[in-house]
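Notes to accompany the following structure.
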Amino acid sequence: MSIEKNEGFRPKIVAFCCNWCSYAGADLAGSSRMTYSADVKIIRVPCSCRVNPMFILRAFERGADGVIMCGCHPGDCHYTSGNFYARRRMTLLFSMLDYIGVENGRTRVEWVSAAEGAKFSQTMHEFVDKITSLGKNVRLEDLRCRN
Amino acid sequence: MKTEKNRAEMIREISGVNPLKCMKCGKCSASCPSYNEMDIKPHQFVSYVINEDIEALANSTSLWKCLSCFACVERCPRDVKPGKLIDAARQIVVRERGQDYLTPDEIPELIDPETPQQLLVSAFRRYRR
Amino acid sequence: MQRIGVFVCHCGTNIAATVDVKKVTEMALHEPGVVHAEDYQYMCSEAGQELIHKAIKEKHLTGLVVCSCSPRMHETTFRNAAEKAGLNPYMVEIANIREHCSWIHKDIEEATEKAVILMRAAIAKVNLDAPLKPGESKVTKRALVIGGGIAGIQTALDIAEAGYPVDIVEKTPSIGGRMSQLDKTFPTLDCSSCILTPKMGEVNAHPNVNIYTYSEVESVAGFVGDFTVEIRKKARSVDMDKCTGCGVCQEKCPSKKTPSEFNRGLDTRSAIYTPFAQAVPNVPVIDRDACIKFKTGKCGVCSKVCQAGAIDYDQVDEIITEKYGAIVVATGFDMIKLDKYDEYAYSQSKDVITSLELERIMNAAGPTGGHLERLSDGKAPKEMVFIQCVGSRCADERGKSYCSKVCCMYTAKHAMLIRDKYPDVNVTVFYIDVRTPGKNFDEFYRRAVEEYGVNYIKGQVGKVIPQPDGKLLVQGADLLDNKQILKEADMVVLAAAIEPNPDVRKIATMLTASIDTNNFLTEAHAKLRPVESPTAGIFLSGVCQGPKDIPETVSQAGAAAVKAIGLLAKDKLLTNPCTAHSDELMCNGCSQCANVCPYGAISYEDKEVNDHGVREVRRLAVVNDALCQGCGACTVTCPSGAMDLQGFSNRQILAEVDAICR
Amino acid sequence: MQELINRAKELLADGTVARVLGWKAGDLPYNPEPAYFEKEEDFADFVYNGFCGANLSKYMIEASKLEGKTLVCLKPCDTYSFQELMKEHRVDRDKAYIIGVGCKGKLDIEKIKAMGIKGIQGISGAEIEDAAETLTIQTIYGEKTCAYKDAMLERCHVCKGKDHMVFDETIGESKETKDADRFEEVEKIEAMSPEEKFAFFQKELSKCIRCNACRNVCPACSCRKCVFDSNKFDSAQKANVDSFEEKMFHIIRAFHVAGRCTDCGECSRVCPQGIPLHLFNRKFIKDIDELYGEYQAGADMEPRTPLTDYRFEDAEPGIVAERG
């Protein structure tokens with residue numbers, strides 16, 4: 001599927017950002033006026049390790065087209081080790097989603113520090129482009145949740 | 001004939017360089033072995049592209065005096081690579097003349113004793129891909 | 001059911017220019033639980049807070065949503081406002097419609113739509129909010145300063161003066177840091193050691209200050225107010241109490257070939273050494289890698305000549321464990337390695353030096369006794385070239401992206417000192433820009449040009465070519481005259497970029513303080529909280545936070561001290577009430593949560609429960625609120641979902657997801 | 001079997017144990033079921049044969065709360081589950097007297113039926129003492145035979161070994177029956193295109209009736225209250241539709257036991273719809289082995305499992321996309 005083909009398609013994208021690094025990185029992107037698509041909606045969590053795989057599946061169930069999780073760089077977690085656990089959990093979850101046939105670009109993890117506003121904006125650009133090219137999420141949506 | 005805007009855009013595209021990154025330090029001009037032969041100096045290439053004055057660049061002696069030794073590319077602290085810009089300008093001029101290709105057989109008749117050998121090698125590097 | 005009030009801030013035009021605030025306000029009233037919605041110019045102002053107060057009272061609100069800037073900015077403001085009106089502060093949620101919306105989007109319709117969705121998510125969350133009450137934790141009234149340079153010394157002195165005990169941990173054998181290596185300082189040309197040495201003495205003598213030199217921080221545990229730090233006191237091999245600092249051992253030491261760190265490797269030192277004459281403490285250390293006794297077992301000269309009997313070859317590293325309420329990082333900087341800048345011939349010629357090496361050469365205690373000479377042949381130079389921005393302001397991986405800030409000024413200083421002392425030496429400075437913001441700074445630079453005749457050329461140097469006769473051919477460009485310059489020089493001085501101390505990454509990891517891509521420690525807010533790390537209880541002093549000169553470093557050191565004092569002055573701290581909590585009826589007691597808890601906050605106890613009529617004793621997880629920092633690692637590990645995080649509960653986050661995907 | 005019965009009676013008689021947890025004959029020749037035996041006469045219908053696939057370790061969670069010790073018969077693979085439950089403090093080792101029973105591979109009646117053998121009245125050769133290579137099956141259509149190996153449960157073809165991880169004593173010989181690659185099926189699916197993978201799981205999971213048998217039998221799925229029954233996730237009691245709901249349930253089910261699942265295969269054995277549920281668990285096991293080093297849940301008492309542990313240099317989640 002090409003990007004052109006999906007013109008006019010506006011994906012629903014949920015971004016989980018840890019409070020200490022990535023959320024602050026997103027704030028920095030904002031105060032530096034680094035634009036990215038309005039399709040991205042951020043949910044603040046204390047740490048990437050707070051992100052339960054169920055949250056991600058739930059987003060898909062409710063019709064999200066892409067879910068991205070951002071946390072502090074490995075080794076820089078505010079809580080020392082939270083993102084290490086998150087990394088293993090997400091790796092296994094993504095692998096499982098791939099295994100059951102979900103396009104593996106629909107999920108992503110990116111480490112964004114509080115100083116990386118530019119990286120946050122860049123990452124969101126890339127992710128939105130990727131999801132736009134993948135098109136609507138049909139494999140994971142619970143039809144009853146569509147309105 | 002393309003507009004100057006188009007040509008400037010093409011230069012950016014071919015070279016892969018964002019001229020706005022230039023901080024005007026002049027290290028390119030300081031590094032250039034052909035500096036004295038040039039009417040437009042390496043550090044000025046950037047502003048010509050930014051100002052979309054490609055015609056001047058196309059008519060400059062610099063266009064053909066650049067050896068493509070890429071010393072400026074190596075040393076540029078801002079990743080602006082004036083050598084790549086002039087190389088791209090050269091390519092645009094060559095393309096506009098319909099000379100996208102050069103075969104080794106054509107060399108002898110075109111050769112000018114003044115032409116540095118390095119330029120030939122460099123030209124092949126770029127045009128014979 | 002909650003009674004929620006929604007307040008939409010215009011933030012002047014910051015929000016209102018891109019988000020249709022009236023529409024957002026109107027949409028709020030369609031959301032479940034919302035009984036009040038209004039918009040206002042500046043919600044964070046007194047008048048804005050008054051609106052909140054009034055609405056809480058009049059409409060009996062049980063929850064608030066403020067659509068405004070980032071919660072990292074004003075969450076506390078609005079929580080306090082709610083509390084004043086009698087509402088639990090944790091019943092307030094912020095929809096970030098500025099940083100995450102109006103500032104990054106241009107299309108009004110799009111931005112408004114997003115703002116509405118962000119607001120809905122916040123309303124969904126407030127609907128599930130529960131009042132929370134913070135706990136209390138104690139404050140250990142002692143501070144730790146990591147790094148004993150001018151920043152660390154100043155911070156320690158200021159904290160000590162306020163009456164709190166301070167420990168300084170310094171990696172090298174002496175405090176003093178980079179400033180002790182400098183010859184003169186700008187913009188008044190004081191002798192560096194003349195102003196630093198008294199401070200070193202003062203801090204050493206202060207009854208509230210305890211200095212651990214030749215020591216490193218080994219581990220950090222705990223949290224604001226209650227850090228537990230292990231300090232490794234490396235074996236000095238010299239008894240600090242017995243040593244009189246007479247220096248005979250250093251004179252007699254037969255191993256004298258080790259490059260001197262203090263003199264930047266321009267000369268050598270003995271294996272037993274104090275880095276410099278004014279070292280504090282004036283007690284040498286034995287460099288065991290260089291010492292013949294340690295390498296071969298034979299020697300022991302220092303032990304024989306020491307009349308105080310202070311030499312102790314059997315000393316071992318010692319681990320000291322101490323508790324602190326606040327930690328100040330003052331780890332400073334070093335110069336970047338120049339191995340990637342081959343074009344400047346730094347590794348090819350001894351006469352191409354860095355500015356810090358020039359400082360040592362100019363210093364009376366330096367390798368040349370303060371006499372300006374070429375290191376290759378000892379001849380006095382006639383032509384000197386300074387090259388600016390070597391590795392600073394680089395977009396590639398060879399250098400650093402930032403401006404090192406101090407180079408323009410110290411180069412002007414060097415140029416001036418040389419012209420003053422050796423008027424026959426011509427000095428040329430190749431610069432890109434001369435940056436001199438600061439009190440009396442530009443005047444200082446102008447004096448170099450106008451009074452001392454220093455030749456400033458705008459243009460970077462392309463190449464330095466060592467000549468067979470020992471001269472250095474400098475190929476540069478003069479961009480203003482539009483000509484290329486070939487200049488013969490006797491010495492070339494490179495203003496190499498400065499970078500944070502390489503150890504800072506390790507330290508930041510231990511402190512869980514965040515660090516930027518350049519390894520500078522991140523401040524809690526770039527403008528408003530510049531000396532605090534986002535991690536509570538960690539403060540930043542000096543260049544570890546960003547390039548700065550001595551006056552700036554000293555002011556920041558003082559500021560960091562004040563922040564630390566402000567913390568130490570408190571008897572108790574309120575703890576974050578957003579902690580994990582286990583549901584007794586659902587807990588399996590399986591111990592998985594304790595495995596992932598970074599704070600050891602989870603323990604297990606056997607407890608009788610009444611599970612719908614079934615009374616039994618079960619093994620249950622219990623969270624210690626004082627230790628829990630609220631990361632939530634346990635909540636995801638718990639398979640049954642018994643463990644949940646207050647303020648960020650599973651249902652709340654799911655409600656936000658649902659609101660966004662609706 | 002007789003030796004086992006005798007020893008069990010002996011331990012009951014001398015008061016070492018208060019009850020015996022084993023299997024009793026069912027109403028058909030191939031469906032013995034877990035049962036408690038407390039008196040000598042109960043042992044009349046005690047059986048232990050090739051059809052005793054049920055893993056009794058999970059029953060020990062409740063048995064640990066009872067007065068006195070419980071004698072439990074555990075096959076080698078069951079002891080991994082028991083040890084994992086010990087690690088999680090879900091069973092009380094002091095309340096268990098473990099007899100490690102021998103195992104020569106357990107049988108899958110569905111496989112026998114799939115061979116076209118119907119109307120089964122009796123099966124011989126499934127007795128644990130026999131080293132029978134062949135099963136003889138009396139049916140209303142006469143006597144049929146099939147190779148023991150061909151009737152074995154899938155999990156026995158990838159047997160973890162004949163050693164008991166934890167026991168008080170052992171009775172009977174065990175045989176290693178491994179003759180297949182544990183991850184072969186997983187690899188086959190991994191090699192499919194996303195469309196094929198999706199179609200495969202869509203087909204399998206659309207059969208799910210959410211009877212929760214897989215969950216109830218699983219020794220690792222031992223929560224007092226499952227998240228899917230909890231109001232804390234708003235995920236309780238969802239109706240069955242042909243959509244994402246089932247995938248979510250099975251992904252989360254497998255995720256919650258990832259790093260704790262011993263690959264005992266009970267989920268697939270009990271699924272009334274014949275969904276190969278172990279393929280989810282095994283995918284996680286394969287990933288864990290490949291990314292974080294080989295790991296067998298229940299093989300030791302180390303408290304940390306792969307998901308409650310980490311290393312600085314762990315792979316990034318992007319590896320999933322990279323390896324394609």
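Below, read A as the first sequence line, B as the second, and so on, with proteins coming before strands; counting in each chain starts at 1. Just so it is clear, the structure is predicted and the values come from calculations on it, not from any experiment.
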Considering only heavy atoms, which portion of [X] lies under 4.5 Å from any heavy atom of chain A: side chain, backbone, both, or neither?
X	answer
C/Thr635	both
C/Arg98	neither
C/Thr637	both
C/Asn595	backbone
C/Tyr599	side chain
C/Lys106	side chain
C/Ile117	side chain
C/Ala508	neither

(message) How about CD on C/Glu532, more than 12 heavy atoms from neighbouring residues, nucleotides or ligands closer than 6.0 Å, or not?
(response)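 More than 12 heavy atoms, drawn from other residues, nucleotides or ligands, come within 6.0 Å of this atom.
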Which atoms of [X] come close to chain C, meaning under 4.5 Å heavy atom to heavy atom: side chain ones, backbone ones, both, or neither?
X	answer
A/Val67	neither
A/Cys72	neither
A/Ser121	neither
A/Tyr85	side chain
A/Ala24	both
A/Ser31	both
A/Phe16	side chain

Once rounded to the nearest 0.5 Å, what's the spacing between atom [atom1] of [X] and atom [atom2] of [Y]?
X	Y	atom1	atom2	answer
A/Phe60	C/Cys661	CZ	SG	9.5 Å
C/Asp658	A/Glu61	CG	CD	8.0 Å
A/Asp76	C/Thr535	CG	OG1	10.0 Å
A/His78	C/Ser533	NE2	OG	8.5 Å
C/His100	A/Tyr36	NE2	OH	5.5 Å
C/Lys125	A/Ile43	NZ	CD1	9.5 Å

(request) Side-chain contact test, heavy atoms from C-beta onward, threshold under 4.5 Å: evaluate it for C/Thr517 versus A/Glu116 and give yes or no. (result) yes
(request) Any chance you could lay out the side-chain contact (heavy atoms from CB on, under 4.5 Å) test for A/Val51 and C/Val636, step after step, and finish with the verdict? (result) CA-CA 7 Å; A/Val51 179; C/Val636 182; 6.0 Å; no
Closer than 4.0 angstrom, basic N to acidic O: yes or no for [X] and [Y]?
X	Y	result
A/Arg44	C/Glu75	yes
A/Arg10	C/Glu110	yes
A/Asp39	C/Lys114	no

(request) Against chain A, work out which of C/Leu511, C/Asn14, C/Thr509, C/Asp107 has the most heavy-atom pairs shorter than 4.5 Å and name it. (result) C/Thr509
(message) I need the residue from C/Ile653, C/Asn518, C/Leu645, C/Ile660 with the largest number of non-hydrogen atom pairs under 4.5 Å to chain A.
(response) C/Ile653
(request) Could you check A/Thr35 against C/His105 for side-chain contact (heavy atoms from CB on, under 4.5 Å), going step by step and ending with a plain yes or no? (result) CA-CA 6 Å; A/Thr35 62; C/His105 306 312; 5.8 Å; no
Given the options [options], which has more heavy-atom pairs under 4.5 Å with chain C than any of the others?
options	result
A/Gly82, A/Ser37, A/Cys18	A/Ser37
A/Pro46, A/Ala115, A/Ala114, A/Ala86	A/Pro46
A/Asn19, A/Ile13, A/Leu28	A/Asn19
A/His73, A/Arg89, A/Met34, A/Lys119	A/Arg89

(message) Pairing donors with acceptors under 3.5 angstrom, does anything connect the side chains of A/Arg50 and C/Asn650?
(response)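 The criterion, which ignores hydrogens and geometry beyond distance, is satisfied for C/Asn650 and A/Arg50.
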(request) Go through the steps for A/Tyr23 and C/Ser70 under the test side-chain contact (heavy atoms from CB on, under 4.5 Å), then give the verdict. (result) CA-CA 9 Å; A/Tyr23 195 91; C/Ser70 170; 3.7 Å; yes
(request) Using the side-chain contact (heavy atoms from CB on, under 4.5 Å) rule, take A/Asn52 and C/Leu654 through it: C-alpha gap first, then chi angles, then the decisive distance, then the call. (result) CA-CA 10 Å; A/Asn52 195 314; C/Leu654 288 170; over 6 Å; no
(request) Identify the two heavy atoms, one from A/Cys49 and one from C/Cys631, that lie closest to each other, and give their separation to 0.1 Å. (result) SG-O, 3.6 Å
